[in-house]
Number of protein chains: 2
Amino acid sequence: MTEPALATLTRLRTACSQCNLRELCLPVGLSADELETLDNLVSTRRKIRRGDSLFYGGEPFSALYAVRYGFFKSTLTSGDGREQVTGFYMAGELLGMDGIGGDRHTCTLTALEDSEVCVMPFARVEDLSREFEPLQRHFHKVLSREIVRDQGVMLLLGSMRAEERLAAFLVNLSQRLTARGFSASEFVLRMTRDEIGSYLGMKLETVSRLFSRFQEDHLIEVHQKHVRILDIGGLKRVMAQAQGAA
Amino acid sequence: MTEPALATLTRLRTACSQCNLRELCLPVGLSADELETLDNLVSTRRKIRRGDSLFYGGEPFSALYAVRYGFFKSTLTSGDGREQVTGFYMAGELLGMDGIGGDRHTCTLTALEDSEVCVMPFARVEDLSREFEPLQRHFHKVLSREIVRDQGVMLLLGSMRAEERLAAFLVNLSQRLTARGFSASEFVLRMTRDEIGSYLGMKLETVSRLFSRFQEDHLIEVHQKHVRILDIGGLKRVMAQAQGAA
DNA sequence: CCCCGCGCTTGACGGGGATCAAGCGGAAAA
DNA sequence: TTTTCCGCTTGATCCCCGTCAAGCGCGGGG
């Protein structure tokens, strides 16, 4: 079966099977053959400039998004205007799953640097999931992992002290960057102290003070947004210092 | 097509279409016809005595569970032995979704009173989801709502003060009990102060003190595990008293 | 029936982190 | 290049809630 040349180009340009993120993104674990089935999962790509939002809380839900490059934060706004950062997302991670349950997005996704996402219309995700068992299985895993991730943050917020939380945050960031081929020990924070603080349930001054203390303790070197991890083992020790362990 | 009488009995006994929770549970929103398709979703039922666990963190994952009656808590244990209550579950709510992503459960589910669950082998859930679009759609919604719920708890833990958190907890409990036909204003807590405190990121003494203060303020009457809500509007006001609202 | 123990309440005190405040410095714009 | 502003750092102080401690009361078992 043939298709117009332009359509072929478009399909190939957005094809999962050609994407260098296929080891991280939705198709992870699928064979090359299976991968081709996904090649019409992505309808288009969309660029979002730093500071702009991919979607806002309250907007109708229609698609999931995979980060191709860039960096996002998700924020939740409570009835009384409080804002909480609920997550940070980088290449290969999936956005928008909060919207499935109520047909509207509950959180706002904002780019912290110029970014690009693959747009996957949700109806298409569900259609393909029904036809193609490996995709269904994998999609369920991705949803479940988001639940587990959120529960991990609950553990962090509910039972750890500020310095433990920040250490855990740095270790997690380092691990995710490593998985993407970046340096595990040196990186540039894309978010402000205020955003880190919101995510970790503390004030920006506390974040700043703790960065300084970690530096004094030779765990990290920090200069504004540049962070170098000097002693990852030390950070892990800080993060596990359950003093009031139940 | 006929089936042995015993099989018919078993099927009917565990049939979603006959269950008085069908308005709350997985089948919500399905028509009577559609419901019958689900009647072989549930393989068996399982009773769990107060204090016993349905599954433990680390155990292999094989099935999802729907609470038929009773009350559960889910707990997460971190590497260093800290324990955090990540949720409370009552009739009609789904358990075990944390296990899908890694083929093992990450949290432990413990009955806080004698309880019964419907066992839904996950392979069967996925098979039926592929054949039956309304189930697929609904199952995705349930997963997504769990994500949204968890993010709500993150907001609570990350940006609210202790009294706001406890008020939010009481309002939420009241609403869920109302949806199940129980009194909105009078109920018996199934969990201890310690468990409430763990869930809300505070110590049991703080929970106790706040209960006492709410009582002084004529918001509730509390006597051990018996709680009567006197002023739900007042509780909602406490919960929204964003003083440090960003 | 009484006793025992667990879970709850309440008080006193201290500390971790919030709040208020001032000044710095780097990045982006002119 | 200079200017400007936002984000970061650091200090001083305060207070919410954790910690430690003591005692109560209900429910279960002997």
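Model, not experiment: these values are computed from the prediction. In the text below, chain A, chain B and the rest are named by the order of the sequence lines, each starting its count at 1.
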> If you check the K203(A) side chain, which of dA18(C), dT9(C), dG18(D) turns out closest?
Replying inline: dA18(C)
> At under 4.0 Å between heavy atoms, what does G197(B) touch on the DNA or RNA strands: base, sugar-phosphate, or nothing?
Replying inline: nothing
>> If I take atom CZ in residue R193(B) and atom P in nucleotide dG7(C), what distance separates them, rounded to the nearest angstrom?
In response: 12 Å
> Should K203(A) and D194(A) count as an ion pair when the cut-off is N to O under 4.0 Å?
Replying inline: no
> What's the CG-P distance between L204(B) and dG18(D), to the nearest Å?
Replying inline: 10 Å
>> Can you measure D194(B) atom CG to dT19(D) atom C1' for me and round it to whole angstrom units?
In response: 14 Å
> In residues 205-232 of chain A, which ones come under 4.0 Å of DNA chain C, going by heavy atoms?
Replying inline: E205(A), T206(A), R209(A)
> When you look at R180(A) and E93(A), which way does the salt bridge (charged side-chain N to carboxylate O under 4.0 Å, His left out) test go after all the steps?
Replying inline: CA-CA 11 Å; R180(A) 281 155 187 81; E93(A) 296 180 324; 3.5 Å; yes
> Taking atom types as modelled and ignoring hydrogens, do the side chains of T110(A) and S53(A) form a donor-acceptor contact shorter than 3.5 angstrom?
Replying inline: yes
>> Does this structure show an ion pair linking E113(A) with R50(A), if we count only N-O contacts that are shorter than 4.0 Å?
In response: no
> For F182(B), does the CZ atom have more than 12 heavy-atom neighbours from other residues, nucleotides or ligands under 6.0 Å away?
Replying inline: no
> Could you give the CD-to-C1' distance, from E195(A) to dG7(D), as a whole number of Å?
Replying inline: 11 Å
>> Rounded to whole Å, please give me the gap between CZ in R161(B) and P in dT19(C).
In response: 9 Å
> CE of M160(A) versus P of dG17(C): gap in Å, rounded?
Replying inline: 12 Å
> Expressed in angstrom and rounded to an integer, what is the separation of E113(A) atom CD from dA28(C) atom C1'?
Replying inline: 17 Å
> For L166(B) and dC17(D), what is the distance between atoms CG and P respectively, to the nearest whole Å?
Replying inline: 11 Å
> Charged N to carboxylate O under 4.0 angstrom, E216(A) versus R213(A)?
Replying inline: no
